[in-house]
Peer 1: 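Quick one: the structure is below, questions incoming.
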2 protein chains.
Amino acid sequence: MTERAEPAPQQDGDQPIVFIVDDDASIRRALTNLFESVGLKVEAFGSALQLLHAKPPEVPSCLVLDIRLPGTSGLDLQSDLAKANIHTPIIFITGHGDIPMTVRAMKSGAIDFLTKPVRDQDILDAVQAAIERDRKRRELNRTVSTVRSRFESLSSRERDVLSLVTSGLMNKQVAAQLGLAEITVKIYRGQIMRKMGAKSLADLVRMSEALGIGANKPDAQT
Amino acid sequence: MTERAEPAPQQDGDQPIVFIVDDDASIRRALTNLFESVGLKVEAFGSALQLLHAKPPEVPSCLVLDIRLPGTSGLDLQSDLAKANIHTPIIFITGHGDIPMTVRAMKSGAIDFLTKPVRDQDILDAVQAAIERDRKRRELNRTVSTVRSRFESLSSRERDVLSLVTSGLMNKQVAAQLGLAEITVKIYRGQIMRKMGAKSLADLVRMSEALGIGANKPDAQT
DNA sequence: GTACGGGACAAACCTAGGTATAGGGCCTCC
DNA sequence: GGAGGCCCTATACCTAGGTTTGTCCCGTAC
């Protein structure tokens, strides 16, 4: 259903995938055809459990869920995924949903909530938006986790210095606060720049912002 | 209905206000009583037009709208307000709403979408959340607009220098890019720090982030 | 026990950042 | 036509930032 006879088993590039979960085989088929007709990769499942057994994707992707599923409902699946820290964007489809369900789904971050019969264009638009959001989320995630792993390579003293330096203190002030000699701070500071891969203080400040460190936000006095 | 006989006409502090728009006077009365019973200020209107004629509030606030209103509907009011750059959080109440309406409202940023009969606790929770969101939004706004107005006090050359400096370049590199002498850059840089009220480069970088300037986000190579 | 890493510091040295003073050119507003 | 703003630069001088080399203490892992 999904095979495309790619000779290179690795080179998916960043070809997005749409995951479909619906217990009605004819709907799965129809949606699969629709998405494949616009060049999207598709994987379809009959239940939430089957989806959860599949490995989380490494490319931009989204979920198209029927609200009413055998076993775990669409909404439950949504919160299970959130708890498992899987934030793939979700599009719901429903035959007989109600407003509270809709509100819950949307509050929990769903991209869209469509009622049957679904217009092809509506769901294609939603899928497009969902994949775009996922692409951005993944990109941000990559950046932040690179920075975080570098931060974790810092020794505890280096972290102390980092937070004071990025909060705008001069070396001698940092030294005073930590009870160190200024030269020691300078040396740590150099090590920090190297370990974090920062080419400038501005860089370092932005990284520490991304990590949420010593975030004394822009002030308003003086 | 709202008067509290404050002798000081100015000193509202940051006492939040709930705006109610509903064409049914008995509902207006009931909601007003409910909100006032928990110590909230309330202003109630019978139509979208009346609300638009009132001045936008300067304290944290939220709107409680019936979807079905005479003249402009609740959803239309929501998009009108967005167009007018008024971002007061909205809670919808509806007797006979449908899913597409709900989706539209939630996508446009509504806090909640409640169906009649509304449980007191539900709407109080929603109002609390809405006001909290508005408070944060206003705070962020104040900070950013202070920074923005300072930025606007910079001369065009100073802005050039600001963007290059906060992107991490050294004075001499900035000078080269702008075809200036290094000393000139230093002088502008000092003027920038003074005009922006930045006590350190770190400060300046954070301000320029808040303004979305030269935002070369944290990198990932080296 | 010794090798290793973290922590801390010093002297020497160099570069980058920043201020003050002074000056020139240009344009605009009153 | 002069005052004031922006733009640009130079000299002189001082402070802050940063590297290198070398030294010492400490704890722990092998």
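A, B, ... follow the sequence lines: proteins, then strands. Residue 1 opens every chain.
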Peer 1: Send over the distance from A:Met170 CE to D:dC14 P, rounded to a whole Å.
Peer 2: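 About 18 Å, once rounded to whole Å.
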
Peer 1: Below 4.0 angstrom from OP1 or OP2 of C:dG6, is there any side-chain N or O of A:Arg157?
Peer 2: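 Checking C:dG6 against A:Arg157, no side-chain N or O comes under 4.0 Å of OP1 or OP2.
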
Peer 1: Please give me every residue in residues 172-183 of chain A whose heavy atoms get under 4.0 Å of an atom in DNA chain D, ordered by residue number.
Peer 2: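 By residue number: A:Lys172, A:Ile183.
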
Peer 1: Find the distance A:Leu201:CG to D:dG17:C1' and express it as a whole number of Å.
Peer 2: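 Atom CG in A:Leu201 sits about 10 Å away from atom C1' in D:dG17.
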
Peer 1: Please state how far atom NZ in B:Lys199 lies from atom C1' in C:dG18, giving the value in whole angstrom units.
Peer 2: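 Answer to the nearest Å: 18 Å.
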
Peer 1: With nearest nucleotides of DNA chain C determined for B:Asn171 and A:Tyr188 from heavy-atom distances, which residue corresponds to the more 5′ nucleotide?
Peer 2: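 With B:Asn171 and A:Tyr188 compared, the 5'-side residue is A:Tyr188.
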
Peer 1: Should the ring pair A:Phe113 and A:Phe92 be called parallel, tilted or perpendicular, given that the plane angle runs from 0 to 90° and is split at 30 and 60?
Peer 2: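 Ring orientation of A:Phe113 relative to A:Phe92: tilted.
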
Peer 1: Could I get the full list of side chain to side chain contact (heavy atoms under 4.5 Å, CB included) partners for A:Asn141, not counting sequence neighbours?
Peer 2: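 A:Asn141 satisfies side chain to side chain contact (heavy atoms under 4.5 Å, CB included) with A:Arg137 once adjacent residues are dropped.
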
Peer 1: Applying ring pair (Phe, Tyr, Trp, His ring centres under 6.0 Å), which residue pairs with at least one partner in residues 134-189 of chain A are found, sequence neighbours left out?
Peer 2: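 Every candidate ring pair (Phe, Tyr, Trp, His ring centres under 6.0 Å) pair involving residues 134-189 of chain A fails, so no pair, neighbours aside, qualifies.
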
Peer 1: May I ask you to say whether B:Lys107 pairs ionically with A:Asp112, meaning some side-chain N is under 4.0 Å from a carboxylate O?
Peer 2: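 A:Asp112 and B:Lys107: salt-bridged.
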
Peer 1: Would a 4.5 Å heavy-atom cut-off, applied to side chains only, mark B:Met196 and B:Val147 as touching?
Peer 2: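 Sidechains of B:Val147 and B:Met196: in contact.
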
Peer 1: Atom CE of A:Met193 and atom C1' of D:dG17: how far apart are they, to the nearest Å?
Peer 2: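 About 11 Å, once rounded to whole Å.
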
Peer 1: Is there a side-chain polar atom (N or O) of B:Ser156 under 4.0 Å from OP1 or OP2 of D:dC7?
Peer 2: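 It does, given that an N or O in the side chain of B:Ser156 lies less than 4.0 Å from OP1 or OP2 of D:dC7.
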
Peer 1: Return the value, rounded to whole Å, for the distance between atom NZ of B:Lys186 and atom P of C:dA16.
Peer 2: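 About 9 Å, once rounded to whole Å.
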
Peer 1: Check this for me: does any side-chain nitrogen of one of A:Glu132 and A:Arg135 sit under 4.0 Å from a carboxylate oxygen of the other?
Peer 2: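 Looking at A:Arg135 together with A:Glu132, the answer is yes, because their closest N to O distance falls below 4.0 Å.
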
Peer 1: Expressed in angstrom and rounded to an integer, what is the separation of A:Ile192 atom CD1 from C:dG6 atom P?
Peer 2: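 Checked: the CD1 to P distance equals 13 Å.
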
Peer 1: Output all residues satisfying side chain to side chain contact (heavy atoms under 4.5 Å, CB included) with B:Ile187, sequence neighbours left out; order by chain, then residue number.
Peer 2: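 Only B:Ile183, B:Gln191 meet the side chain to side chain contact (heavy atoms under 4.5 Å, CB included) criterion with B:Ile187.
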
Peer 1: Could you encode protein contacts along nucleotides 22-30 of chain C as a string, one character per nucleotide from 5' to 3', using B for base contact, S for sugar-phosphate-only contact and - for no contact, with a heavy-atom cut-off of under 4.0 Å?
Peer 2: ---------

Peer 1: May I ask you to test the B:Asp134-B:Pro89 pair for a side-chain heavy-atom distance under 4.5 Å?
Peer 2: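 Answer yes - side chains close enough.
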
Peer 1: Indicate whether OP1 or OP2 belonging to C:dC9 is found under 4.0 Å from a side-chain N or O atom of A:Thr184.
Peer 2: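 It does, given that an N or O in the side chain of A:Thr184 lies less than 4.0 Å from OP1 or OP2 of C:dC9.
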
Peer 1: Run through A:Pro16, A:Ser61, A:Cys62 and flag the one making a side chain to side chain contact (heavy atoms under 4.5 Å, CB included) with A:Val127.
Peer 2: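 For A:Val127, the side chain to side chain contact (heavy atoms under 4.5 Å, CB included) test succeeds with only one of A:Pro16, A:Ser61, A:Cys62, which is A:Cys62.
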
Peer 1: Does the pair A:Arg104/A:Asp76 count as a salt bridge with the N-to-O cut at 4.0 Å?
Peer 2: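 So A:Arg104 pairs with A:Asp76 through a salt bridge.
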
Peer 1: Quick one: bend of the helix from C:dG1-D:dC30 to C:dC30-D:dG1 from 5 pairs per end, to 10°?
Peer 2: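 If I round to tens, the end axes sit 30° apart.
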
Peer 1: At less than 4.0 Å, is any side-chain N or O atom of A:Ser155 found next to OP1 or OP2 of C:dG7? Yes or no.
Peer 2: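 Yes, A:Ser155 has a side-chain N/O under 4.0 Å of OP1/OP2 on C:dG7.
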
Peer 1: Given A:Asn171, which of A:Arg189, A:Glu182, A:Lys186 fulfils the side-chain hydrogen bond (donor to acceptor under 3.5 Å, both in side chains) condition?
Peer 2: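 Among the candidates, only A:Arg189 passes.
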
Peer 1: What's the closest nucleotide to the A:Arg189 side chain, out of C:dG18, C:dA8, D:dG17?
Peer 2: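 Nearest to the side chain of A:Arg189 among the choices is D:dG17.
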
